[in-house]
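Working notes, structure below.
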Amino acid sequence: MTAPVFVVEHFDAGDGGRYVLDGPEGRHAVSVKRLRAGEDVVLTDGAGRWTECVVVDTEGKDRLIVHMDSVAEEPAQSPRITVVQALPKGDRGELAVETMTETGVDAVVPWTASRCITQWKGERGLKALAKWRATAREAGKQSRRVRFPEVADAASTKQVAALLADADFAAVLHEEGSSDPLATAELPTAGHIVLVVGPEGGVSPEELAVFAESGAKPYRLGRSVLRTSTAGTAATALLLGRTGRWS
């Protein structure tokens, strides 16, 4: 099993490579994980920089002392995969972010689609966005990633259309009409792939028209209709396999 991952803000070690992991991450390492001397841990900033360390000792309930060597950087993978996720009901948004992060998505854009029952407004919207970002961080650690997905601010349909227009491949998951299968779409080997996942009520005809003007075609995953909270994860897995990122 790979070493557990903890998030740090800096990699400045003292004399002899002594580094102290404290705060919430240190407490989790000492009091929850109960790590002991000789065990391996990975420290990362979540943006690609990371280092593998060996536990030297613990202090109290929230300080893990490790020996740090050199710091490495994991390059961003290509093609980059962004999922535009319409806001689901309840906690299904966090579920979508969690599973997409574990699968390997690079970025998530919350989308306030016209048929979304959930609306992010004011303080409630800020709290919901913070939950999505915290979920991406924790799922990134759990899945042993050192480059966590970015969770953008909530986007309007117009903002999503602009994102699609700049993509090297743009797709909207839509099971109705003459949608082509995503499994046979011609994909780029580099650049940026943007995939739109609609809400429970589906993407409206007006939104489909706006996205089509930006170069996004409708595609289907298969015969069954997936929920909005699982469609992005299934599509991400398909794209990772087809582009060679899972090879």
Side-chain angles (χ1 to χ4, degrees), residues 76-89 92-93 96-97 99-101 103-120 129 132 136 149-246:
Q77 297 195 56
S78 185
R80 175 180 171 86
I81 298 175
T82 294
V83 172
V84 176
Q85 174 66 59
L87 306 180
K89 295 182 292 185
R92 289 190 172 274
V97 172
T99 54
M100 284 191 288
T101 298
T103 304
V105 76
D106 299 298
V108 178
V109 178
W111 172 38
T112 53
S114 62
R115 292 177 176 175
C116 284
I117 296 174
T118 298
Q119 295 294 322
W120 285 4
L129 177 59
W132 280 35
E150 302 170 13
V151 179
D153 293 338
S156 65
T157 296
K158 182 178 179 180
Q159 290 170 321
V160 171
L163 181 65
L164 294 170
D166 288 337
D168 296 283
F169 176 82
V172 182
L173 290 187
H174 190 65
E175 74 280 2
E176 298 176 2
S178 57
S179 302
D180 294 326
L182 187 61
T184 60
E186 185 175 348
L187 301 175
T189 57
H192 190 193
I193 294 174
V194 180
L195 180 74
V196 177
V197 178
E200 284 87 349
V203 183
S204 71
E206 295 78 14
E207 290 164 339
L208 283 173
V210 170
F211 295 159
E213 291 180 0
S214 297
K217 289 181 57 179
Y219 290 90
R220 67 179 186 274
L221 278 175
R223 294 182 179 180
S224 60
V225 178
L226 299 180
R227 301 191 72 158
T228 184
S229 54
T230 56
T233 300
T236 297
L238 174 63
L239 293 172
L240 287 169
R242 292 203 55 220
T243 57
R245 282 183 50 176
W246 268 7

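No hydrogens, no waters, no symmetry mates; every other heavy atom, side chains included, goes into these values.
Looking at residues two or more places apart in sequence or on another chain, you find no salt bridge (Lys or Arg N to Asp or Glu O under 4.0 Å) involving R242. Partners of T157 according to the side chain to side chain contact (heavy atoms under 4.5 Å, CB included) rule, which considers only residues two or more places apart in sequence or in another chain, are W111, E207, V210, F211. For the side chain to side chain contact (heavy atoms under 4.5 Å, CB included) test, residues two or more places apart in sequence or in another chain that qualify with A136 are V97, T101, P149, V151. Remark: L226 engages L221, S224, T230, A231, A234 in a side chain to side chain contact (heavy atoms under 4.5 Å, CB included) (not counting sequence neighbours). In this view, R245 and D106 satisfy the salt bridge (Lys or Arg N to Asp or Glu O under 4.0 Å) rule, not counting sequence neighbours.
When the options I81, V108, V197 are evaluated for a side-chain contact (heavy atoms from CB on, under 4.5 Å) with M100, the one that passes is V108. Just one of L164, V83, L208, L163 meets the side-chain contact (heavy atoms from CB on, under 4.5 Å) condition when paired with V196; it is L164.
Without hydrogens or angle criteria, R92 side chain to S229 main chain gives no donor-acceptor distance under 3.5 Å.
Summarising the geometry, atom OG belonging to S78 is positioned 10.0 Å from atom NE2 belonging to H192; distances are rounded to the nearest 0.5 Å. Atom CZ of residue R220 and atom CG of residue L182 lie 10.5 Å apart, to the nearest 0.5 angstrom.
For D153 against V109, the heavy-atom pair with the smallest separation is O-CG1, 4.3 Å. A pairwise comparison of heavy atoms in A154 and T112 identifies CB-CG2, 4.4 Å as the closest pair. Across all their heavy atoms, P88 and E200 have their closest contact at CA-OE2, 3.6 Å. Across every non-hydrogen atom of A171 and A216, the tightest pair is N-CB, 4.3 Å. Across P110 and A152, no two heavy atoms sit closer than the pair CD-O, 3.2 Å. Among all heavy-atom pairs drawn from G93 and W132, the shortest one is CA-CZ2, 3.6 Å.
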Working for side-chain hydrogen bond (donor to acceptor under 3.5 Å, both in side chains), residues T228 and Q85: CA-CA 8 Å; T228 184; Q85 174 66 59; 2.8 Å; yes

Chi angles and distances behind the side-chain contact (heavy atoms from CB on, under 4.5 Å) call for I193, T243: CA-CA 10 Å; I193 294 174; T243 57; 4.0 Å; yes

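Residues in residues 154-173 take part in no salt bridge (charged side-chain N to carboxylate O under 4.0 Å, His left out) pair, two or more places apart or across chains.
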